[in-house]
Amino acid sequence: MDDNVTSIHITKALSSSMIVELIDEYPNLEEITCSPSVFNRTSRRYVDALRQLDIEVKTEYNWGAKSRSNGIEFYVSKLSNEGLSAKQISQKLDISLNRVYYLLRKSKTDFDNRKRKYDHAEIRQLKDDGLTAKEISEKLDMPLRSVYYILNNK
């Protein structure tokens with residue numbers, strides 16, 4: 001028995017036994033909502049009887065599953081911006097790694113989970129400063145093909 005509930009949503013047409021159960025379970029019930037299809041299958045006598053008990057029966061669309069995230073997107077995004085990897089975020093918030101990746105994609109956060117061997121920004125800066133790929137390769141002691149790869153990928 002829940003005394004605090006004043007409104008519920010049902011997914012089956014009302015019956016006399018269902019009405020009795022609802023009134024017993026929710027003594028302060030003021031409103032019952034249901035989809036239009038359920039409302040159309042419910043007897044008008046039941047709707048009128050509930051109205052006499054000061055309980056309104058209304059149609060309301062209540063489609064789709066509710067979000068299970070409970071506001072966790074904010075924390076995932078925040079931890080990602082602080083530089084934590086997806087695995088670290090998963091362990092810290094005690095959620096699955098796939099869930100972390102999903103929430104990062106959903107929030108459209110620029111997330112790069114790869115550990116880079118070379119600093120791409122530094123290589124591009126050296127190119128902008130006028131060094132050739134071969135000079136960058138020699139200066140940073142890295143393979144020439146890696147320099148070309150980084151410079152050609154945006």
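Bear in mind the structure is a predicted one, so any value in this text is a computation, not a measurement.
In this structure, Arg45 places its CZ atom where only 12 or fewer heavy-atom neighbours from other residues, nucleotides or ligands lie under 6.0 Å away.
A search for side chain to side chain contact (heavy atoms under 4.5 Å, CB included) contacts involving Ser15 returns Ser17, Met18, not counting sequence neighbours. For Ala13, the side chain to side chain contact (heavy atoms under 4.5 Å, CB included) partners are Arg41, Thr42, not counting sequence neighbours. By the side chain to side chain contact (heavy atoms under 4.5 Å, CB included) test, Glu56 pairs with Arg51, Lys58, sequence neighbours left out. Every side chain to side chain contact (heavy atoms under 4.5 Å, CB included) that Tyr102 has, sequence neighbours left out, goes to Arg99, Arg105, Lys106.
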Leu93 and Val100: CA distance, side-chain angles, deciding distance, side-chain contact (heavy atoms from CB on, under 4.5 Å) verdict: CA-CA 9 Å; Leu93 297 178; Val100 172; 6.0 Å; no

CA sep, side-chain torsions, deciding dist, call: Phe39, Val47, side-chain contact (heavy atoms from CB on, under 4.5 Å): CA-CA 9 Å; Phe39 185 80; Val47 173; 4.2 Å; yes

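The structure places NZ of Lys127 at 12.5 Å from CZ of Arg124, a figure rounded to the nearest 0.5 Å. In this structure, CD in Glu82 is found 9.0 Å from CD1 in Ile89, a value given to the nearest 0.5 Å. For the atom pair CG of Leu53 and CD1 of Ile19, the computed distance is 8.5 Å after rounding to the nearest 0.5 Å. Once rounded to the nearest 0.5 Å, the distance linking OG of Ser96 with CG of Leu103 reads 8.5 Å. Here the CD1-CD1 distance, from Ile95 to Ile72, works out to 4.0 Å after rounding to the nearest 0.5 Å. Note that CG of Leu126 and CD1 of Ile136 are 5.0 Å apart. Values are rounded to the nearest 0.5 Å.
A 4.5 Å side-chain heavy-atom check between Val20 and Ile23 finds every atom pair outside the cut-off. Within the 4.5 Å cutoff, the side chain of Thr33 has no heavy atoms near those of the Ile10 side chain. Side-chain atoms of Ile123 and Leu151, non-hydrogen and from C-beta on, do get closer than 4.5 Å to each other. Here the side chains of Leu84 and Lys92 are in contact, with some heavy-atom distance below 4.5 Å. Side-chain contact between Val147 and Met142 is present, with at least one heavy-atom pair separated by less than 4.5 Å. Side-chain contact between Ser35 and Thr59 is absent, with no heavy-atom pair separated by less than 4.5 Å.
Under the 3.5 Å distance criterion, with hydrogens and angles disregarded, no donor-acceptor pair is assigned to the side chains of Gln52 and Asp48.
No donor-acceptor distance shorter than 3.5 angstrom exists from the side chain of Glu25 to the backbone of Leu22, with no hydrogens or angles considered. The backbone N or O of Leu29 lies less than 3.5 Å from no partner atom in the side chain of Thr6, so there is not a single donor-acceptor pair.
Under a 4.5 Å side-chain heavy-atom criterion applied to ILVMFWY residues, the cluster that includes Leu144 comprises Tyr148 as well.
Identified under the salt bridge (Lys or Arg N to Asp or Glu O under 4.0 Å) test for residues 132-145, with sequence neighbours left out: none.
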